[in-house]
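Notes to accompany the following structure.
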2 protein chains.
Amino acid sequence: MARTTGSDGEKTEATIREAAINLIARLGYEAMSMRQLAAEVGVQAAALYRYFPTKEELLFTLMREHMEGLTEAWEAARPVSADPAQRLSAYVENHIAFHIERRHATHVSNMELRSLSPERLTQILRMRTAYEKELRAILRDGAETGAFSIDDTGLTAMALIQMMTGVIVWFRPGERLSIAEVTATYLSMTMRLVGAKIDAYSAARPFGRAKDAVAF
Amino acid sequence: MARTTGSDGEKTEATIREAAINLIARLGYEAMSMRQLAAEVGVQAAALYRYFPTKEELLFTLMREHMEGLTEAWEAARPVSADPAQRLSAYVENHIAFHIERRHATHVSNMELRSLSPERLTQILRMRTAYEKELRAILRDGAETGAFSIDDTGLTAMALIQMMTGVIVWFRPGERLSIAEVTATYLSMTMRLVGAKIDAYSAARPFGRAKDAVAF
DNA sequence: GCAATAATAAAACGAACGTTCAATTAATTC
DNA sequence: GAATTAATTGAACGTTCGTTTTATTATTGC
């Protein structure tokens, strides 16, 4: 047989991406076979190659789009204010919201880097470094103006990112805590970690204040 | 041919473990073939099956021993003192030192959980949960006595563990920072994050004070 | 030095892998 | 409604995988 009734290239490609993210997140890239993916999509394995020339190209596409999405989300959320505390708040909120909403894609982007060819790995890491650089700049500015007291901005940035991204390991939507509660608590922890002056930021942002007021 | 001169079971097994940790950390469990591992050890693939009945059993053994080592290290390092700040200091120092010293094994234990059968996964997770429970107990005690001010002990424990374990992602021995410097900075960040009263802990522990005094 | 045992090599097993190719049918264009 | 293009199937390719089996040699215990 051949073309099936109702078949549509765009729909199929979108289904492939979605199914691939879920399968790779669950089984791992190496453990997922193209036949498994095809079965999930409801198609034969050969049909996948109409959309992605190789398995690795599929993985790379998923990762690149994830990083592009993260960068775009931050560019949209970045405040015009120069105040380090406000900028840090925005960074934390954007980072956590984005990663919780795309848990599976984040899992893929973080865990499957070693399956990329060197050139593609470099490309993804460049995007990641650029994104992290934004955080370092905020921390450096805050340290210079005295808004924060920080030992080592590079090390602190890495610690914060690991802490925030780690949310996807244990967070399950619809359980004990809502996204807003988690974000508020992480914001409070972040501000304490960088030694931010109390309430220098929270007045400007009415986000999760009730809980923060006590803890922070 | 068959048995080679100088061959020794104990030595071979130790070599297999070591090589497996390095190879799995570098390539991933699924991507590493038994033939690759055998070549690294300097032996034929069939010889591996004298020591480990299956590939998964090998992975499980590596993970179990890693978790046992972590538990034992903490039991040896756990202070007799009831002071939460002192206990937290000891926990952080032990955790970071252990994970930096065994970067590859930690990588394996964190990244390859999904390749375990359900029963074995449960077993590893049980050990991990028990270890993390110790941290939650410290945080709870500190929150109750007023030594710390914490929003949510469970969430804070997860955040701290992600932050600390994340060291292995970027830390490379012999680069800019020594293990002692990294540990000192993380200790300082931890204490601020949990809202510890200043110098309630550092007097008892002469570790990394010079740098901390400013930052904390 | 001879039997018993430990450690390995060599070859083979069937299954599964990523990928390619030719054939076939549905949708679109004119 | 014929020609063209898009979407998919089914079968096959060579390779590699984890694992098993059998034979062979080194070492150990007596």
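Every chain is numbered from 1, with letters handed out A, B, ... down the list of sequences.
- If you measure from atom CD1 of B/Ile16 to atom C1' of C/dT8, you get 11 Å, rounded to the nearest angstrom.
- Counting heavy atoms from C-beta outward, B/Trp74 and B/His95 have side chains that stay 4.5 Å or more apart.
- Closest to the side chain of A/Val43, from the set D/dT9, C/dT8, C/dT19, is D/dT9.
- If you check C/dA9, C/dT20, D/dT8 against the side chain of A/Tyr49, the one that comes closest is C/dT20.
- Between the CD atom of B/Gln36 and the C1' atom of D/dC17 there is a distance of 11 Å, rounded to whole Å.
- The CD-P distance, from B/Glu57 to D/dT19, rounds to 11 Å in whole Å.
- Between A/Phe52 atom CZ and C/dT20 atom P the separation is 15 Å, expressed in whole Å.
- Formation of a donor-acceptor pair under 3.5 Å by the B/Lys55 side chain with backbone atoms of B/Ser33 is not found in this model.
- One interatomic measurement links the two molecules: CG of A/Leu59 to P of C/dT19, which rounds to 12 Å at whole-angstrom precision.
- Taking all atoms of both residues into account, the shortest heavy-atom contact from B/Ala105 to B/His66 is CB-ND1, 3.5 Å.
- Residues satisfying the side-chain hydrogen bond (donor to acceptor under 3.5 Å, both in side chains) criterion with A/Arg120, sequence neighbours excluded, are A/Glu56, A/Glu57.
- Nearest to the side-chain atoms of B/Ser33 among the listed nucleotides D/dC17, D/dT9, C/dG18 stands D/dC17.
- Among residues at least two apart or in separate chains, salt bridge (Lys or Arg N to Asp or Glu O under 4.0 Å) pairs with a member in residues 156-179 of chain B are A/Asp152-B/Arg176.
- Relative to the side chain of A/Ala46, the nucleotides C/dT8, C/dA9, D/dG10 differ in distance, and D/dG10 lies closest.
- Look at A/Gln44 and you'll find a side-chain N or O under 4.0 angstrom from OP1 or OP2 of D/dG10.
- What separates NZ of A/Lys11 from P of D/dT8 is a distance of 10 Å, to the nearest Å.
- Remark: P of D/dG10 and CZ of A/Arg35 are 14 Å apart, rounded to the nearest angstrom.
- At C/dG18, none of the side-chain N or O atoms of A/Thr54 fall inside 4.0 Å of OP1 or OP2 (strictly under the cut-off).
- The interatomic distance linking A/Arg50 (CZ) with C/dG18 (C1') rounds to 19 Å, in whole Å.
- Of all nucleotides listed (C/dT19, D/dT21, D/dG18), D/dG18 comes nearest to the side chain of B/Lys55.
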